Amino acid sequence: MPGIPTRNSRLRTREDAAMWNDGMLKRHEEFARWLLEHADTDYDPPMPTFDSTSTPPALLAEQIKEYIGLKWHESVGEEKKGTGV
């Protein structure tokens, strides 16, 4: 699974690194794998995922901002349709 070495490295260098033992990292890997495998199928609407493995933080933030803006505008449009405004 792409990103596991990066994710584990990031978790091990956090301020709370002492709590990220091998067992917790393994459980986190299993959850991350499950989440990525089910994000499109088990959530309504599908949950977006963003790969931060090699994406610079500023670009990742822009991608998330664009997604939120799109969903915000869709939501506002739906509210206007429902109220006749």
Side-chain angles (χ1 to χ4, degrees):
M1 173 183 195
I4 287 178
T6 301
R7 185 177 304 111
N8 286 357
S9 174
R10 289 177 182 169
L11 291 172
R12 287 201 184 267
T13 58
R14 289 174 24 152
E15 286 184 30
D16 62 351
M19 71 175 272
W20 290 100
N21 59 43
D22 290 339
M24 287 185 67
L25 288 170
K26 179 146 182 63
R27 286 190 299 277
H28 195 279
E29 289 171 18
E30 291 167 356
F31 173 70
R33 182 176 290 111
W34 181 90
L35 188 59
L36 289 172
E37 290 172 355
H38 293 88
D40 290 336
T41 57
D42 287 20
Y43 294 89
D44 184 21
M47 180 188 306
T49 57
F50 299 90
D51 185 356
S52 64
T53 305
S54 59
T55 306
L59 180 56
L60 186 62
E62 279 299 316
Q63 292 172 355
I64 294 168
K65 178 182 171 185
E66 287 176 25
Y67 174 79
I68 292 170
L70 174 69
K71 291 300 174 185
W72 175 264
H73 292 297
E74 287 176 3
S75 172
V76 170
E78 289 300 315
E79 287 177 16
K80 286 183 180 181
K81 286 181 191 175
T83 62
V85 175

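All values reported here derive from a predicted model rather than from experimental measurement.
Of all heavy-atom pairs between Asp51 and Leu60, the closest is O-CD1, 4.2 Å. Residues Glu29 and Asn8 share a closest heavy-atom pair of OE2-ND2, 2.6 Å. The shortest heavy-atom contact between Tyr67 and Pro46 is OH-O, 4.3 Å.
In this structure, the separation between OG1 on Thr13 and CG on Leu11 is 8.0 Å, given to the nearest 0.5 Å. To the nearest 0.5 Å, atoms OG1 (Thr41) and CE (Met47) are separated by 10.5 Å. To the nearest 0.5 Å, atom NE2 of residue His28 and atom CG of residue Leu25 are 8.5 Å apart. Distance check: Phe50 CZ to Thr55 OG1 gives 10.5 Å after rounding to the nearest 0.5 Å.
Not counting sequence neighbours, Arg27 has no partner by the side chain to side chain donor-acceptor pair (under 3.5 Å) test. Taking the side chain to side chain donor-acceptor pair (under 3.5 Å) definition, one finds that His38 meets it with Trp34, sequence neighbours left out. Under the side-chain contact (heavy atoms from CB on, under 4.5 Å) criterion, Asn21 pairs with Met24, sequence neighbours left out.
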- request: Tell me, with the steps shown, if Glu74 and Leu70 meet side-chain contact (heavy atoms from CB on, under 4.5 Å).
  value: CA-CA 6 Å; Glu74 287 176 3; Leu70 174 69; 3.6 Å; yes

- prompt: Where do Glu30 and Lys26 land on the salt bridge (Lys or Arg N to Asp or Glu O under 4.0 Å) test, with the steps shown first?
  reply: CA-CA 6 Å; Glu30 291 167 356; Lys26 179 146 182 63; 3.5 Å; yes

- request: For Tyr43 and Leu35, run side-chain contact (heavy atoms from CB on, under 4.5 Å): C-alpha distance rounded to whole Å, both residues' side-chain angles, the deciding distance at 0.1 Å, then the answer.
  value: CA-CA 10 Å; Tyr43 294 89; Leu35 188 59; 3.8 Å; yes

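No side-chain heavy atom of Pro48 sits under 4.5 Å from any side-chain heavy atom of Lys71.
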